[in-house]
Amino acid sequence: MIKKHTPILFLAMALALTAAVGVSAADPREAEAAATVSTCSGGTITLSDTEKRSLDLHNQTRVSNGLSKFCVDSALQNAARAHSKEMIDKDYFSHNSYNGETFSNRLKRYGYTPLPNRYWTVGENIAYNSASGTASADKVHSQWMNSTGHKANILNKNFRQIGIGAVYGDYKGYNVTMWTVDFGMR
């Protein structure tokens with residue numbers, strides 16, 4: 001009796017394993033690990049490995065150009081992630097939010113506001129690409145460094161704070177990583 005069920009049991013286990021492997025290979029979000037980094041205010045925040053790779057690339061670029069490293073600001077981080085997710089969910093691509101709100105007003109809504117009597121400036125880079133995981137971070141960073149406006153944000157000596165949102169999902173029928181990087185100073 002055991003011998004009769006062994007091939008069926010083996011087949012069921014093989015199908016389950018194939019399905020599990022297929023899910024993780026098809027959807028990089030399933031395997032995305034996390035990294036904890038310090039925030040500008042001295043706390044900590046969790047970034048996906050993709051977001052952490054992007055932070056590392058931004059900081060390597062800045063240091064190699066004689067600039068200080070970015071620190072992660074929680075409000076910028078939350079705004080960047082939310083914008084990338086909204087662009088995936090609403091199937092659009094723009095610096096403005098789906099409802100037309102400008103990116104600077106979005107940052108304020110997420111709590112990134114100027115300090116009293118201080119000059120305030122912000123910037124934003126957005127992109128999407130078909131790569132996933134850390135390969136996506138490398139690819140998009142290279143594209144930004146080959147674009148005058150995007151590169152200017154990354155190398156702006158006035159920007160000290162950053163938030164990075166990398167969200168994987170369906171955009172216009174394609175699986176992409178949607179990127180928002182918000183820059184600021186306070």
Side-chain angles (χ1 to χ4, degrees), residues 28-29 32 37 39-40 45 47-48 50-62 65 67 69-115 118-186:
R29 295 170 293 187
E32 184 79 34
V37 299
T39 63
C40 303
I45 195 165
L47 303 180
S48 69
T50 303
E51 292 165 340
K52 174 68 165 72
R53 175 66 179 157
S54 183
L55 175 64
D56 291 345
L57 290 168
H58 278 81
N59 283 335
Q60 288 169 11
T61 299
R62 286 180 65 84
N65 283 275
L67 300 169
K69 291 182 178 182
F70 286 119
C71 63
V72 177
D73 179 86
S74 297
L76 290 176
Q77 183 64 34
N78 293 334
R81 275 191 187 145
H83 189 58
S84 289
K85 183 173 181 347
E86 181 183 86
M87 288 192 290
I88 289 287
D89 291 347
K90 303 278 189 184
D91 210 28
Y92 79 101
F93 183 73
S94 174
H95 287 284
N96 289 345
S97 296
Y98 189 73
N99 65 4
E101 175 184 47
T102 65
F103 82 89
S104 59
N105 284 336
R106 179 180 356 101
L107 298 181
K108 288 177 186 175
R109 181 169 46 88
Y110 274 88
Y112 194 79
T113 56
L115 297 174
R118 293 272 320 258
Y119 176 72
W120 188 65
T121 187
V122 292
E124 181 172 86
N125 287 350
I126 60 173
Y128 64 90
N129 60 33
S130 60
S132 62
T134 56
S136 177
D138 290 304
K139 183 176 179 180
V140 78
H141 191 78
S142 176
Q143 291 167 338
W144 282 333
M145 291 307 294
N146 287 313
S147 163
T148 305
H150 296 100
K151 182 178 180 178
N153 278 340
I154 294 168
L155 296 178
N156 185 325
K157 67 180 180 179
N158 295 315
F159 292 148
R160 308 272 182 184
Q161 301 171 325
I162 195 170
I164 301 167
V167 176
Y168 186 82
D170 181 78
Y171 172 66
K172 304 284 184 200
Y174 296 95
N175 290 321
V176 302
T177 300
M178 187 68 72
W179 289 92
T180 303
V181 177
D182 289 319
F183 304 94
M185 62 168 279
R186 300 200 250 199

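In this text the structure is predicted, and so the values were computed from the model without any measurement.
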Subject >> From CA spacing to verdict: side-chain contact (heavy atoms from CB on, under 4.5 Å), Gln77, Ile164 >> reply: CA-CA 6 Å; Gln77 183 64 34; Ile164 301 167; 4.2 Å; yes
**OP:** Could you check Thr121 against Asn158 for side chain to side chain donor-acceptor pair (under 3.5 Å), going step by step and ending with a plain yes or no?
**Re:** CA-CA 8 Å; Thr121 187; Asn158 295 315; over 6 Å; no
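Shown here for Leu76 and Asp73, the closest heavy-atom pair between the two residues is N-OD2, 3.0 Å. Across every non-hydrogen atom of Ala80 and Gly163, the tightest pair is CB-O, 3.6 Å. Considering every non-hydrogen atom in both Ala75 and Gly111, the closest pair reads CB-C, 3.9 Å. Shortest non-hydrogen contact noted between Ala127 and Val140 is CB-CG2, 3.3 Å.
For the side chain to side chain contact (heavy atoms under 4.5 Å, CB included) test, residues two or more places apart in sequence or in another chain that qualify with Asn78 are Tyr110. Residues passing the side-chain hydrogen bond (donor to acceptor under 3.5 Å, both in side chains) test with Asp89 are Lys85, sequence neighbours excluded. For the side chain to side chain contact (heavy atoms under 4.5 Å, CB included) test, residues two or more places apart in sequence or in another chain that qualify with Ser147 are His150. With sequence neighbours excluded, the residues that form a side chain to side chain contact (heavy atoms under 4.5 Å, CB included) with Thr39 are Ser41, Ile45, Ser74. Annotation: salt bridge (charged side-chain N to carboxylate O under 4.0 Å, His left out) contacts of Glu124 (sequence neighbours excluded): Arg106. Tyr92 pairs by the side-chain hydrogen bond (donor to acceptor under 3.5 Å, both in side chains) definition with Glu86, not counting sequence neighbours. For Ala166, the side chain to side chain contact (heavy atoms under 4.5 Å, CB included) partners at least two apart in sequence or on another chain are Thr50, Glu51, Thr177, Trp179. Considering only residues two or more places apart in sequence or on other chains, Asp56 meets the side-chain hydrogen bond (donor to acceptor under 3.5 Å, both in side chains) condition with Lys52. Applying the ring-ring contact (aromatic ring centres under 6.0 Å, His included) test to Phe159 and every residue at least two apart in sequence or in another chain returns Phe183.
Rounding to the nearest 0.5 angstrom, the gap separating the CZ atom in Phe103 from the OG atom in Ser94 is 11.0 Å. In this structure, CD1 in Ile154 is found 9.5 Å from CZ in Arg62, a value given to the nearest 0.5 Å. To the nearest 0.5 Å, atoms OG (Ser84) and CZ (Phe93) are separated by 9.5 Å. Atom OG in Ser48 sits 13.5 Å away from atom OH in Tyr168 (nearest 0.5 Å). With rounding to the nearest 0.5 Å, the separation of CG in Asn156 from CG in Asn153 is 6.5 Å. Note that the CD1 atom of Ile162 and the OG atom of Ser54 stand 6.0 Å from one another [nearest 0.5 Å].
His141 places a side-chain heavy atom less than 4.5 Å from the side chain of Thr61. Residues Val176 and Ile88 are in side-chain contact: their nearest non-hydrogen atoms beyond the backbone lie under 4.5 Å apart. At least one side-chain heavy atom of Asp182 sits under 4.5 Å from a side-chain heavy atom of Leu107. Annotation: side chain of Met145 is in contact with side chain of Leu155 (closest heavy-atom distance under 4.5 Å). A 4.5 Å side-chain heavy-atom check between Met87 and Thr180 finds at least one atom pair inside the cut-off. Here the side chains of Tyr174 and Asp170 are not in contact, with every heavy-atom distance at 4.5 Å or above. Within the 4.5 Å cutoff, the side chain of Leu55 has heavy atoms near those of the Val72 side chain.
For OH of Tyr128, the number of neighbouring non-hydrogen atoms (other residues, nucleotides, ligands) closer than 6.0 Å is 12 at most.
In this structure a side-chain-to-backbone donor-acceptor pair under 3.5 Å is missing from Asn59 to Lys69. Judged by distance alone, the side chain of Ser97 and the main-chain N or O of Asn99 form no donor-acceptor pair under 3.5 Å. At least one donor-acceptor pair closer than 3.5 Å links the side chain of Asn129 to the backbone N or O of Ser136. In this structure, Tyr112 contributes its side chain and Met185 its backbone to a donor-acceptor pair below 3.5 Å.
Residue pairs meeting the salt bridge (Lys or Arg N to Asp or Glu O under 4.0 Å) criterion with at least one member in residues 90-101, sequence neighbours excluded, are Glu101-Arg109. Residue pairs meeting the salt bridge (Lys or Arg N to Asp or Glu O under 4.0 Å) criterion with at least one partner in residues 136-163, sequence neighbours excluded, are Arg53-Asp138.
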